[in-house]
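In this text the structure is predicted, and so the values were computed from the model without any measurement. Here is the naming used below: chain letters follow the sequence lines, and residue numbers restart at 1 for every chain. When reading the values below, keep in mind they use all heavy atoms of this one structure, side chains included, and skip hydrogens, waters and symmetry mates.
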There are 2 protein chains.
Amino acid sequence: MVVFAGQGDPRRSLSLLWRADAPPPTRGGPGPKPRLSVDAIVAAAVALADEEGMGALSMRAVGDRLGRTAMALYTYVPGKSELLDLMYDAVHAELPTAYPESDPADWRAALTAWAGEVLEFHVRHPWVLQVSQARPVLGPHEYAGLDTLVTLLRATGLEAGVLRRLVGTLFPFVRGSAQAVADARLAAAATGSSDEEWWAARSAALLELVPDFAERFPAVSGLEAEGPVEPYPGEGTEGAEAVPYPEREARETFRVGLGVLLDGIEAARVGRT
Amino acid sequence: MVVFAGQGDPRRSLSLLWRADAPPPTRGGPGPKPRLSVDAIVAAAVALADEEGMGALSMRAVGDRLGRTAMALYTYVPGKSELLDLMYDAVHAELPTAYPESDPADWRAALTAWAGEVLEFHVRHPWVLQVSQARPVLGPHEYAGLDTLVTLLRATGLEAGVLRRLVGTLFPFVRGSAQAVADARLAAAATGSSDEEWWAARSAALLELVPDFAERFPAVSGLEAEGPVEPYPGEGTEGAEAVPYPEREARETFRVGLGVLLDGIEAARVGRT
DNA sequence: CTTGATACCTTACGGCGTAAGGAATGACCC
DNA sequence: GGGTCATTCCTTACGCCGTAAGGTATCAAG
C-alpha cells in the first residue's frame with residue numbers, strides 16, 4: 001500500500017511543516033495546558049514506523065504510545081495524511097546537508113558519498129519509500145537535502161536544464177536501490193524464514209510447476225547460471241559474510257548502477273562543456 | 001500506501017500465477033457450476049484499479065463489478081494479496097516481449113525503445129507502481145518481460161555479473177520515471193485543480209510563510225530561476241502544448257536520465273571489453 | 001465566581017479484510 | 001427417482017481503520 005500525503009489544506013499543512021504556527025511562549029491562555037506537542041507526536045509516529053513498519057502506523061497506535069487516545073492527536077494535527085507529511089520531513093533532517101571540506105574538482109567522490117548516505121538513510125527509515133511522491137511535501141528538511149544535491153551537482157559544470165533532470169534521475173535511483181536493499185532485509189525477516197528458506201520454497205515450487213522454465217526464459221536462466229556469485233570484487237572479505245546474499249546483491253547493484261550513472265554524467269560533461 | 005503482495009502460501013500463489021490448477025475441462029463434478037473464474041476476477045480488479053486507482057480496490061468493490069458479494073471471490077482467490085499478485089502479473093503481459101527485427105549492433109536504440117514502452121506501460125497502469133517490490137511476484141509475464149530486457153542487454157557484450165546489475169538499475173529507473181509522470185498527471189487531476197492552480201496555492205503560501213527561502217536554499221532557488229523552461233529541445237512542437245508542463249518535465253527527465261545511463265553503459269563497454 | 005477557550009475523552013459511523021456457517025445447486029451412485 | 005455430498009455463493013459478524021460529534025474537565029481572564 002502506498003500512503004498518500006499532502007492532500008489537506010495547503011496553508012495549514014505548510015505552516016505546520018515550517019513550524020510557522022502561533023508562537024506558544026508565555027502565552028498562557030485559558031484552558032488546560034497541552035500535555036502533548038506536534039514534535040512529540042511526530043517523534044512517536046516515526047519511532048512506531050521505524051520499529052513496526054508503515055502497516056502498523058495508525059492514529060490509535062500513535063496515541064497509545066503517548067498514553068493518549070487517537071482523538072487526542074487531532075488537537076495538534078489535522079489528520080493522518082498531514083501527520084505523514086510531518087514525519088516525512090522530520091526524518092529528512094538526517095540527510096546530509098553539506099560537504100564543506102570536499103574538493104569541488106572531485107564531484108565524483110562527493111556524489112558517491114552523498115548517494116551512500118542517502119541510501120543508508122532510506123534503509124534506516126524504509127517506510128519513507130512508501131510515502132507517495134505525488135505532490136511533493138515541500139518541507140524544510142527535504143528542501144535542505146535537495147539543496148545539498150544541487151550544490152554537489154553544480155561542481156560538474158553542467159547547465160541548469162540538465163542539472164534539473166539529473167536531480168530527477170539521481171534521487172529515484174537511490175530510492176530504488178534503497179527499496180531493493182530494504183526489500184532484501186524484509187524478505188529475510190518476514191515470517192521468521194531466512195532468505196535461503198524463502199527462495200528454496202519458492203524455487204522448488206517453481207521448478208515443479210514450470211518444468212520448462214529454462215526453455216521459456218533462456219536469457220534469464222542463462223544469466224542466473226552464468227554469473228558466478230562472488231563477494232564484492234576488489235574489497236576485503238572481512239565481515240562480509242555477515243550481510244546475507246540478497247542484500248549484498250542489492251548493494252552491489254547500487255554500486256554498479258551509480259558508477260554507470262556517474263560515467264554517463266562524465267560523458268555529458270566531456271561532450272557538451 | 002504501499003500494498004504488499006506475495007505473502008500467502010507460496011505453493012498456492014505460484015500455482016495460481018502459472019495457472020497450474022486442476023484442469024476444469026469436462027470435469028463436471030457435483031455442486032453448482034462456477035459462474036466466475038480467476039480470470040474474470042482479475043480482469044475486473046485490473047479494470048477497477050485502472051479506472052479508480054489502488055485506493056478504490058477492495059474485495060467488495062471487485063465483487064460489485066461482477067454482480068457478486070465480496071465473499072464470493074474467496075472461492076477463487078485465497079485473499080486480497082494473492083489477487084494483487086495475479087493482477088500484477090496479468091498486466092505485465094503488456095510488456096514488450098521481443099524485438100525480432102532489431103539490429104543487435106544498435107543496442108542503444110533497442111534499449112531506448114524498450115524503456116519507452118515500459119514507461120508507457122506503467123503510465124497506463126499506475127497502480128502497478130504501488131505494488132511493493134519486496135518479495136518478487138515471480139509470475140510468468142513478469143519473467144517474460146525480464147527475459148526481453150536481458151536479451152537486449154546481452155547485445156552490449158558485457159559480462160553476466162554486470163548485466164545482472166544493469167537490470168537492477170534500468171528497471172527501477174524506468175519505474176521511477178513512470179512514477180514521476182504518473183504523479184504529474186495525478187496532481188493535475190486531483191481535486192479538480194489544474195497543476196498551475198496547485199502550484200500557485202502552494203508557492204504563494206510558501207513565499208508568505210518562508211520569506212527567506214532564497215537565502216536558505218540558494219542552490220535550489222538558483223536552479224529554478226536559471227533554467228529556462230523550454231519545450232523539448234530538438235523536437236517538433238506540434239501537439240506539444242497539449243501535454244501539461246509537469247508531465248513534460250517528467251518525460252524530459254526520463255529522456256535525459258536514460259541518455260546518461262546509456263552513456264554510462266557505453267563507457268563500461270569501452271572500458272572493460 | 002463566572003465566563004469561555006482549550007485538551008482530552010467517549011461514542012459512533014461507515015469503510016475495510018475475512019472467519020464462520022447456512023442455503024442452494026446439481027452430478028453422481030443406488 | 002431419490003439420496004448423497006462437494007461446491008458456489010450468501011448473510012452475518014468481528015476487529016481493525018480514520019475521523020465526526022459532542023461531552024467533560026481544566027484553567028486564565030474579567
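Residue R68(B) contributes atom CZ, which lies 11 Å from atom C1' of dC10(D) at whole-angstrom precision. Atom pair D64(A):CG and dC9(C):C1' shows a separation of 14 Å (rounding to whole Å applied).
For dT8(D), neither phosphate oxygen OP1 nor OP2 lies less than 4.0 angstrom from any side-chain nitrogen or oxygen of R35(B). OP1 or OP2 of dC9(D) sits under 4.0 Å from a side-chain N or O of Y76(B).
Of all heavy-atom pairs between G176(B) and P172(A), the closest is CA-CB, 4.3 Å.
Shown are V62(A), D64(A), T69(A); of these, the side chain to side chain contact (heavy atoms under 4.5 Å, CB included) with L66(A) is made only by V62(A). Residue W127(A) forms a side chain to side chain contact (heavy atoms under 4.5 Å, CB included) with just one option from L57(A), L48(A), V91(A), and that option is V91(A).
Annotation: side chain of H141(B) is not in contact with side chain of L95(B) (no heavy-atom distance under 4.5 Å).
When the salt bridge (charged side-chain N to carboxylate O under 4.0 Å, His left out) test is applied to E51(A), the partners found at least two apart in sequence or on another chain are R65(A). Residues forming a salt bridge (charged side-chain N to carboxylate O under 4.0 Å, His left out) with R19(B) (at least two apart in sequence, or on another chain): D39(B). In this view, E94(B) and R124(B) satisfy the salt bridge (charged side-chain N to carboxylate O under 4.0 Å, His left out) rule, not counting sequence neighbours.
Below 30°, between 30° and 60°, or above 60°: for H92(A) and Y88(A) the angle between ring planes is between 30° and 60°, a tilted geometry. Ring geometry for Y143(A) versus W18(A): interplanar angle of 30 to 60°, hence tilted.
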Taking N or O atoms only and anything under 3.5 Å, show me the protein contacts with nucleotides 23-26 of chain D, one pair per line.
| residue | atom | partner | partner atom | Å |
| --- | --- | --- | --- | --- |
| dT26(D) | O2 | P32(A) | N | 3.1 |

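A distance of 6.0 Å or more separates the ring centres of W114(A) and F173(A).
In the helix from dC1(C)-dG30(D) to dC30(C)-dG1(D), the terminal helix axes, each the rotation mapping four pairs' C1' atoms onto the next four within five end pairs, subtend 20°, rounded to 10°.
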Given protein heavy atoms under 4.0 Å, the one-letter contact record of nucleotides 11-21 of chain D, with B base, S sugar-phosphate only and - none, is simply B-B---BBBBB
